[in-house]
Amino acid sequence: MRDERRRELGQFLRDRRGNLVRAELGLPPIGRSRTQGLRREEVASFAAVSVTWYTWLEQGREINASRQVLEAIARVLRLTGAENSYLLALGGYAPVPAAEVAVIEQAPAHVQGLLDSLDFPAFAVAPDWGIAGWNRAYAVLYSRIADVGPADRNLLWLIFTDPHLRDMLPDWEETSSHFVAEFRAEAGARLGSAAHTGLISRLTEASPEFAQLWADRGVERFASRQRVFLHPTAGELVFEQHRLVPSDAPELHLVMYTPAAGTQLPRGC
């Protein structure tokens, strides 16, 4: 698992280094026309580390990088907050070590009770993005949820492999891109675990779109946003998507779709 994280850390640094615009950093082009990307020695100089050490870091060698050094490199590469957190997780500074992240197949009774008390669609997501619980309104919105086998009842898997769900999302390309970037941001500590590797391998084989997005290495923190669904009987439904973390079950995230003004929930909700 640690070897996988080191390799990903190196590739992530190479990708972000190559994406920087030199003029925005006050640097001249490389040669006559190369205006994008920093040299390794430039990153090392700005971060106050040796070129050899930084090269080894990008090569995935077994070296220890302190939090302070990784944060210095993050500043040089102008990483976003989500990307910075992901980099630290890859370096072993995640808030929750990977070994402590348990697989959750079913939400605790009190969490399920909370979901059942809501009259708008809501569901519980485990650390691996498995759907661990949902309420009646969500089952009306996405009618296939109860029929999906436990092994496939994963939000990321469904968004890329269920054509019924894809047909319900007029902005599928944008939504799927957000999902992959958010999943990566949360998965740094689990990278290389059997469950994580298995899910990524299955998705890469099943969906070329996922494979491309995963290779792009986008990283985003979750943000509340508008979600639009095309329900087969109720037509267009517009929600505000929010996510909450129960204080007594912090390993779960509760995703809630609150109806926007003018949206009438389908019958049965």
Side-chain angles (χ1 to χ4, degrees), residues 81-82 104-150 152-186 207 209-210 213 218-269:
I104 303 171
E105 295 184 354
Q106 186 172 357
H110 70 285
V111 172
Q112 184 60 53
L114 172 60
L115 294 174
D116 292 338
S117 71
L118 303 174
D119 58 4
F120 48 78
F123 57 98
V125 179
D128 64 350
W129 281 36
I131 299 176
W134 61 91
N135 63 4
R136 182 179 178 181
Y138 184 73
V140 172
L141 175 65
Y142 176 44
S143 60
R144 294 195 64 249
I145 185 62
D147 298 327
V148 177
D152 293 338
R153 200 177 291 148
N154 179 283
L155 190 57
L156 203 60
W157 175 260
L158 292 172
I159 201 76
F160 283 97
T161 65
D162 184 356
H164 172 73
L165 181 56
R166 185 165 182 162
D167 288 343
M168 291 178 64
L169 300 174
D171 58 351
W172 182 88
E173 288 81 6
E174 180 181 355
T175 294
S176 60
S177 178
H178 282 307
F179 275 24
V180 173
E182 290 164 358
F183 180 81
R184 181 182 286 278
E186 298 171 6
S207 171
E209 294 99 331
F210 171 83
L213 288 169
V219 180
E220 295 177 15
R221 286 195 178 121
F222 174 87
S224 296
R225 59 180 177 267
Q226 185 181 87
R227 295 293 308 279
V228 180
F229 293 86
L230 300 179
H231 192 268
T233 60
E236 183 177 274
L237 301 173
V238 182
F239 299 95
E240 289 293 328
Q241 175 181 277
H242 303 283
R243 191 167 74 172
L244 303 176
V245 179
S247 61
D248 55 353
E251 68 281 4
L252 290 175
H253 292 165
L254 304 187
V255 179
M256 303 177 180
Y257 296 152
T258 59
T263 289
Q264 297 294 322
L265 294 177
R267 290 186 178 183
C269 288

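All residue numbers in this chain count up from 1 along the given sequence.
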Item checked: CA sep, side-chain torsions, deciding dist, call: E209, F160, side chain to side chain contact (heavy atoms under 4.5 Å, CB included) -> CA-CA 8 Å; E209 294 99 331; F160 283 97; 4.2 Å; yes

Notebook entry, point to check: Is a donor on one side and an acceptor on the other found under 3.5 Å between the side chain of N135 and the backbone of P121?
Noted result: no

Notebook entry, point to check: For F222, is the NZ or CZ atom of R243 found under 6.0 angstrom from the centre of its six-membered ring and inside 45 degrees of the ring axis?
Noted result: yes

Notebook entry, point to check: Does D128 offer a backbone N or O that forms a donor-acceptor pair with the side chain of N154 under 3.5 Å?
Noted result: yes

Next item on the list: Nearest 0.5 Å please: distance from the CZ atom of F179 over to the CD1 atom of I159.
Entry: 5.0 Å

Check: Under the ring pair (Phe, Tyr, Trp, His ring centres under 6.0 Å) criterion, do Y142 and W134 qualify, and how do the steps go?
Finding: CA-CA 10 Å; Y142 176 44; W134 61 91; 9.4 Å; no

Checklist line | Heavy-atom donor-acceptor pair, S117 side chain to L114 backbone, under 3.5 Å | finding: yes

Note to self: Check this for me: does any side-chain nitrogen of one of E174 and R225 sit under 4.0 Å from a carboxylate oxygen of the other?
What the structure shows: no

Checklist line | Nearest heavy-atom neighbours spanning R227 and L169 | finding: NH2-CD2, 3.5 Å

Next item on the list: Check the pair D167, L230 against side chain to side chain contact (heavy atoms under 4.5 Å, CB included), reporting the backbone distance first and the verdict last.
Entry: CA-CA 7 Å; D167 288 343; L230 300 179; over 6 Å; no

Checklist line | Heavy-atom pair with the smallest gap, counting every atom of A234 and L237 | finding: CB-CD2, 4.2 Å

Margin query: Please check: side-chain N/O of T258 versus main-chain N/O of E240, any donor-acceptor pairing under 3.5 Å?
Written below: yes

Check: For D171, does its backbone N or O pair with a side-chain atom of T175 as donor and acceptor, under 3.5 Å?
Finding: yes

Check: Any salt bridge between R136 and D116, counting N to O under 4.0 Å?
Finding: no

Checklist line | Any side-chain donor near an acceptor of the partner, W157 and T161, under 3.5 Å | finding: yes

